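Worksheet: one structure, shown below.
Every value quoted in this text rests on a predicted model; they were computed, and no experiment measured them.
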Amino acid sequence: MMIMAAAAAAAASTESPNRSTEDKTSARRHNEVNKKLKYISLAILVIQNASLILSIRYVRTLPGDHFYTTSAVVMAEVLKVLTCLVIILIQKRGNVKSFVSLLYDSLVVQYLDTLKLAVPSLIYTLQNNLQYVAISNLPAATFQVTYQLKILTTALFSVLMLRKSLSKIQWISLVLLFAGVAIVQVEQEGGKQKEAVTSTNQNYFKGLVSVIISCLSSGFAGVYFEKILKGSSASVWMRNIQLGIFGTVLGLLGMWWNDGAAIAEKGFLFGYTPMVWGVIFNQAFGGLLVAVVVKYADNILKGFATSFSIIVSTITSVYLFGFHVDLIFTLGAGLVIGAVYMYSLPKPNSSTSSTSTSSSSHSKGGDLELDAFLPNPKAPGKKKGN
């Protein structure tokens, strides 16, 4: 017996280093994969942010018949719902009975919980329509810079509604953000861009008002949605389905009110081209892409991506739309880019781990549910449900 015990101990001692080596190798591989996914997702986010603004601007300024933006908003909502349904079905490993049961329980049985999403859904629908109006009437680079005011509105609503505290650096960044946007707008009002916009039958003031209202609605709806997410155990995908259902209904009502007669005559898909479909798909899946970025990167790198996309939009606008960049616009855009980066920095008194904590708290349900849809290198064998 003693000999056997000694042999077993010897075998265990030889297996232990082997297991340790395998664990280290596996962890190293996971880190390498994570690093690749991080930079790939960030690169895609930069392309997505810049291409969405530029492509909307392009298709809305082309000569000839234009698609109805109200129908495009509805189509994007439908695509979001379908995508989230597929994700939940994947989470349920293709079990249709469990999938249907979850939908029935979340949407019908807990109908009061579903009704809470009516408010942010209405605001998001308004916001999506206003974005089309703003981009149709503003230069792409100007819209991209001005639209960063949503960081200011989100921060203010977070302080008021969620009782969040901001660091001194974040408050300074918000002041710089406002100053940068103000400089850009003053430059646009007095510069050649106003003449260029007016000459192409576009209303600069209408575009500016639209983007400001869009920023206000984005800030309120985002904070309201975050409050609902943190106060519920429902998955972020189910919440997006609930939002999408209301968004589709409200979008259809808005479409009927604004373009009902024209769409009845010409058709829902009037003016749709492959480029228009690309814009709709880009808009529909942009939110899911942000979730992936937050999963594999963090909010600081996401801020880098947003800042870099402003630069890409500006440079591309020079070549595509003849956008004029002068020293004043460069100063304003530079302040905005710096403010976006500063705001995404962790608080000075936070530890290194606080970055990941704040990232997960930004979307409490989001990362938890992403683990069920995306591989989690830290816990390969861990299963999460809804």
Practice prompt. Keeping the roles fixed (side chain from Asn128, backbone from Tyr124), state whether a donor-acceptor pair exists under 3.5 Å.
Written response: yes
Worksheet item: Can you name the closest pair of heavy atoms from Ser317 and Ala141 and give their distance?
Response: OG-N, 3.8 Å
Worksheet entry | Same apolar cluster: Tyr224 and Leu112, side chain cutoff 4.5 Å | yes
Item to complete: Check whether any side-chain heavy atom of Val340 sits under 4.5 Å from a side-chain heavy atom of Ile151, and report yes or no.
Response: yes
Worksheet item: Is a side-chain donor-acceptor pair under 3.5 Å present for Ser51 with Asn282?
Response: yes
Item to complete: Let me see the working for Val96 and Val100 under side-chain contact (heavy atoms from CB on, under 4.5 Å), right down to the final yes or no.
Response: CA-CA 6 Å; Val96 178; Val100 173; 4.0 Å; yes
Worksheet item: Which distance, rounded to the nearest 0.5 Å, do you find between the CD of Gln283 and the CD1 of Ile56?
Response: 5.5 Å
Worksheet item: Given the rule in the side-chain contact (heavy atoms from CB on, under 4.5 Å) test, do Val279 and Tyr132 qualify, once you have shown the distances and angles that lead to the verdict?
Response: CA-CA 11 Å; Val279 169; Tyr132 276 104; 3.8 Å; yes
Response to the item:
Which of Leu208, Asn203, Val209 passes side-chain contact (heavy atoms from CB on, under 4.5 Å) with Lys206? It is Asn203
Item to complete: Would you please test Val184 and Val336 for side-chain contact (heavy atoms from CB on, under 4.5 Å) and show each step?
Response: CA-CA 10 Å; Val184 168; Val336 171; 5.5 Å; no
Worksheet item: What are the two closest heavy atoms between Ser214 and Leu130, and how far apart are they?
Response: N-CD1, 4.0 Å
Worksheet item: Sequence neighbours excluded, which residues qualify as ring pair (Phe, Tyr, Trp, His ring centres under 6.0 Å) partners of Tyr343?
Response: none
Worksheet item: Less than 4.5 Å apart, any side-chain heavy atom of Val74 and any of Tyr68?
Response: no
Discussion item. Between Asn137 and Arg60, is there a side-chain heavy-atom distance shorter than 4.5 Å?
Written reply: no
Worksheet item: About how many Å separate CG of Leu162 and OG1 of Thr154, when rounded to the nearest 0.5 Å?
Response: 10.5 Å
Practice prompt. Could you walk me through whether Thr69 and Val133 pass side-chain contact (heavy atoms from CB on, under 4.5 Å), step by step?
Written response: CA-CA 8 Å; Thr69 58; Val133 175; 5.6 Å; no
Worksheet item: Taking the side chain as C-beta and beyond, is there a heavy-atom pair between Val211 and Leu138 under 4.5 Å?
Response: yes
Discussion item. Test of understanding: clusters of I, L, V, M, F, W, Y form through side-chain heavy atoms closer than 4.5 Å, transitively. Do Val181 and Val175 belong to the same one?
Written reply: no
Worksheet entry | Student check: side-chain heavy atoms of Asp326 and Phe329 closer than 4.5 Å | yes
Practice prompt. Please tell me if the side chains of Thr314 and Gln144 come closer than 4.5 Å, counting only heavy atoms from C-beta onward.
Written response: no
Worksheet entry | Nearest heavy-atom neighbours spanning Leu335 and Gly180 | CB-CA, 3.8 Å
Worksheet item: If every non-hydrogen atom of Ser136 is compared with every non-hydrogen atom of Arg57, which pair is closest and at what distance?
Response: O-NH1, 3.4 Å
Discussion item. Looking only at side-chain N and O atoms, does Gln242 offer a donor or acceptor that is under 3.5 Å from a partner on Thr114?
Written reply: yes
Worksheet, complete the sentence: When rounded to the nearest 0.5 Å, the distance separating CD of Gln48 from CD1 of Ile53 is 8.5 Å
Response to the item:
Checking Ile245, Ile123, Thr125 against Leu250 for side-chain contact (heavy atoms from CB on, under 4.5 Å), the one that qualifies is Thr125
Item to complete: Look up atom CD in Glu77 and atom OG in Ser121, then write down how far apart they are to the nearest 0.5 Å.
Response: 6.0 Å
Item to complete: Identify the two heavy atoms, one from Pro120 and one from Leu243, that lie closest to each other, and give their separation to 0.1 Å.
Response: CG-CD2, 4.0 Å
Practice prompt. Locate the shortest heavy-atom distance separating Ile183 from Leu331; write the atom from each residue and the value.
Written response: CD1-CD2, 4.2 Å
Throw together a table of side-chain donor-acceptor distances under 3.5 angstrom for residues 260-273, partners on residues two or more places apart or in other chains.
| from | atom 1 | to | atom 2 | distance (Å) |
| --- | --- | --- | --- | --- |
| Tyr272 | OH | Ser71 | O | 3.4 |
| Tyr272 | OH | Ser71 | OG | 2.9 |
| Tyr272 | OH | Ala72 | N | 3.3 |
| Thr273 | OG1 | Met275 | N | 3.4 |
| Thr273 | OG1 | Val276 | N | 3.3 |

Discussion item. Side-chain heavy atoms nearer than 4.5 Å, only ILVMFWY residues, links allowed to pass through others: does that put Phe281 and Ile47 together?
Written reply: no
Discussion item. Is any side-chain heavy atom of Phe220 closer than 4.5 Å to one of Thr153?
Written reply: no
Item to complete: Drop me the distance from Met255's CE to Thr248's OG1, to the nearest 0.5 angstrom.
Response: 10.5 Å
Worksheet, complete the sentence: Going by chain and number, the hydrophobic cluster around Trp256 (ILVMFWY, side chain to side chain under 4.5 Å) further includes Trp257
Worksheet item: Judged by modelled atom types alone, do Thr70 and Asn258 share a side-chain donor-acceptor pair under 3.5 Å?
Response: no
Practice prompt. Drop me the distance from Ile280's CD1 to Lys80's NZ, to the nearest 0.5 angstrom.
Written response: 12.0 Å
Discussion item. If we ignore hydrogens and angles and just use 3.5 Å, is the side chain of Ser173 paired with the main-chain N or O of Gln170 as donor and acceptor?
Written reply: yes
Practice prompt. Output yes when a side-chain donor or acceptor of Thr146 lies under 3.5 Å from a complementary backbone atom of Phe143, and no otherwise.
Written response: no
Practice prompt. Scan side-chain atoms only and decide if Tyr147 and Gln131 contain a donor-acceptor pair under the 3.5 Å cut-off.
Written response: yes
Practice prompt. May I ask you to test the Phe99-Leu85 pair for a side-chain heavy-atom distance under 4.5 Å?
Written response: yes
